[in-house]
2 protein chains.
Amino acid sequence: MSTPAETERKRRMPRAERERQMMAVAEEIFAERGYQATGMDEVAERCGVSKPMIYEYFGSKEGLLVACVRHARGQLATATTEAVIGATGPRDALRRGLVAFFRFTDAHRRAWSLVLRNEAAVAGAAAAAEVEAIRQEQVDIDIALLSTFLPDAPRTDLEAAAQIVVGACERLSLWYVSRDDITAEQAADHLMRVLWTGLAALVAPSTAG
Amino acid sequence: MSTPAETERKRRMPRAERERQMMAVAEEIFAERGYQATGMDEVAERCGVSKPMIYEYFGSKEGLLVACVRHARGQLATATTEAVIGATGPRDALRRGLVAFFRFTDAHRRAWSLVLRNEAAVAGAAAAAEVEAIRQEQVDIDIALLSTFLPDAPRTDLEAAAQIVVGACERLSLWYVSRDDITAEQAADHLMRVLWTGLAALVAPSTAG
DNA sequence: GGTCAACCTTACTCGAAGTAGGTTACTTGC
DNA sequence: GCAAGTAACCTACTTCGAGTAAGGTTGACC
């Protein structure tokens, strides 16, 4: 009516800022409704912008999803690699990495659900490849970690072990975020106990702790 | 020309048979191109039938996918539960289950890719729920297995361990099907070594936990 | 040989992804 | 201050595929 300038959000904004806004909005709606059920018109509307702008910046609906996933990927890789720095030994390094991973999935559960629930697969090849790249990155980190204290192990064994760790992490993080009574440290401890000590120790504990 | 009856496929067929054919065709095309890129017209054409028939029998595109996934789910549950019967102990039971799982994913890799690559998530809530039901079924089997030889363990510990096993299985099976030089038994052994014995034993084989 | 149900088709609607082409507002040089 | 250029933006459209309405065909059974 009179002066909407005060409450009204800035109409025009530079491309980089608008792109960040679009990704944030898309991430939220994708996580909320799923990729398929999300309409580009809705994303545009919530950005206070019209649809062709998104296509100008991201090319396609899949392109928008890829951008969201790539963003999360960068954050995760940074968080986990930094966490391992300064570990006192292999066991500590593994545990630090796991805690960082669970903390990350908890803090970014919205964004992360895109990867965990694998929305990318339905979107197309590019999106699927982006998600697979995240897992491969984690596998590579684990292989590097394992090879430092298992220098003589065959490459195949390292790969298999790394895949196991990544798969267990992914699944356990879904379980973890669905429960409010578990902390990231506890989730990491559960995983450490199985991965490091093995189930055999749980079945026949020498000392009834 | 003269007698097309011989080479020509049967035009009309009973509903149950047609449904099975549709599911087989859909499973193949979904696995080949992905859910999104698959058109219902194409599925219909490959069945030698028109599109409304699929809608008559499965209701929607998502319904068709759900039927495919549910089919695979039944087969997997049967295969793994049967494999565990007659095991000589907890360790043997776990290993038998794992071998059965990897054999299944290898034999049905087309169908299984629908689940592993999580095409269901993009399809909608019903399909996602169906896939999640598969995982939950496997988790329940593992919990039952673990609880028989860990009667005093807290429920939370059993759940966490089961989630870890399922996640590791899933990821390792993707790795396994991409490599021709690994057998189901070898994949199961890799997983058994980590899950049962633990990584610590690999790091320091001299110390027996 | 008629009738009823199951199987099947043609020809449509509708909604959402993606696009063509024009418009508005901010910056920059004078 | 003010024209020129450009970056941000919009309206109105096309296209393509999921889903549907209404009716045609075949065969089993009396």
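Below, chains carry the letters A, B, ... as their sequence lines are ordered, and counting in each starts from 1. Values below: every heavy atom of this structure, side chains too, minus hydrogens, waters and symmetry copies.
Rounded to whole Å, the distance from CD on B:Glu56 to P on D:dT20 is 11 Å. Between the CZ atom of B:Phe58 and the P atom of D:dA18 there is a distance of 16 Å, given to the nearest Å. In this structure, the CD atom of B:Glu62 is 16 Å from the C1' atom of D:dG17, given to the nearest Å. Distance CD (B:Glu19) to C1' (C:dA6): 13 Å, rounded to an integer number of Å. The nearest whole Å value for the distance from the CE atom in A:Met13 to the P atom in D:dC9 is 7 Å. Atom CE in B:Met53 sits about 15 Å away from atom P in D:dT20, given to the nearest Å. Between the P atom of D:dA18 and the CG atom of B:Leu65 lies a distance of 13 Å, rounded to the nearest Å.
Under the 4.0 Å criterion applied to side-chain N and carboxylate O atoms, B:Asp92 and B:Arg96 are assigned as salt-bridge partners. Using a cut-off of 4.0 Å between Lys/Arg side-chain N and Asp/Glu carboxylate O, A:Arg20 and A:Glu27 are scored as not salt-bridged.
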Check the interface with nucleotides 10-17 of chain C: list each N/O to N/O pair with the protein under 3.5 Å, or write none.
from   : atom 1 : to      : atom 2 : distance (Å)
C:dA17 : OP1    : A:Thr38 : O      : 3.1
C:dA17 : OP1    : A:Lys61 : NZ     : 3.2
C:dA17 : OP2    : A:Met40 : N      : 3.1
C:dA17 : N7     : A:Lys51 : NZ     : 3.3

Any protein N or O atoms within reach of nucleotides 27-30 of chain D? Criterion: under 3.5 Å, listing atom names and distances.
none

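Applying the salt bridge (Lys or Arg N to Asp or Glu O under 4.0 Å) test to pairs two or more places apart or on separate chains, those with a residue in residues 125-137 of chain B are A:Arg171-B:Glu132, B:Arg70-B:Glu130, B:Arg73-B:Glu130, B:Arg73-B:Glu137, B:Glu132-B:Arg135, B:Arg135-B:Glu170.
Proximity of A:Tyr176 to A:Thr105: side-chain heavy atoms (C-beta onward) are separated by under 4.5 Å at one or more points. Using a 4.5 Å heavy-atom threshold, the side chains of A:Trp175 and B:Thr156 count as touching.
Residues meeting the side chain to side chain contact (heavy atoms under 4.5 Å, CB included) test with A:Glu185, sequence neighbours left out: A:Arg95, A:Val99, A:Arg103, A:Thr183. Remark: A:Glu159 engages A:Arg155, B:Arg179 in a salt bridge (Lys or Arg N to Asp or Glu O under 4.0 Å) (not counting sequence neighbours). With sequence neighbours excluded, the residues forming a side chain to side chain contact (heavy atoms under 4.5 Å, CB included) with B:Tyr55 are B:Met40, B:Lys51, listed by chain and number.
The phosphate of D:dC9 (OP1 or OP2) has no side-chain N or O of A:Arg15 nearer than 4.0 angstrom.
Here B:Tyr57 lies in heavy-atom contact (under 4.0 Å) with sugar-phosphate atoms only.
Atom CZ of B:Arg110 sits in a sparse spot, with 12 or fewer heavy atoms from other residues, nucleotides or ligands closer than 6.0 Å.
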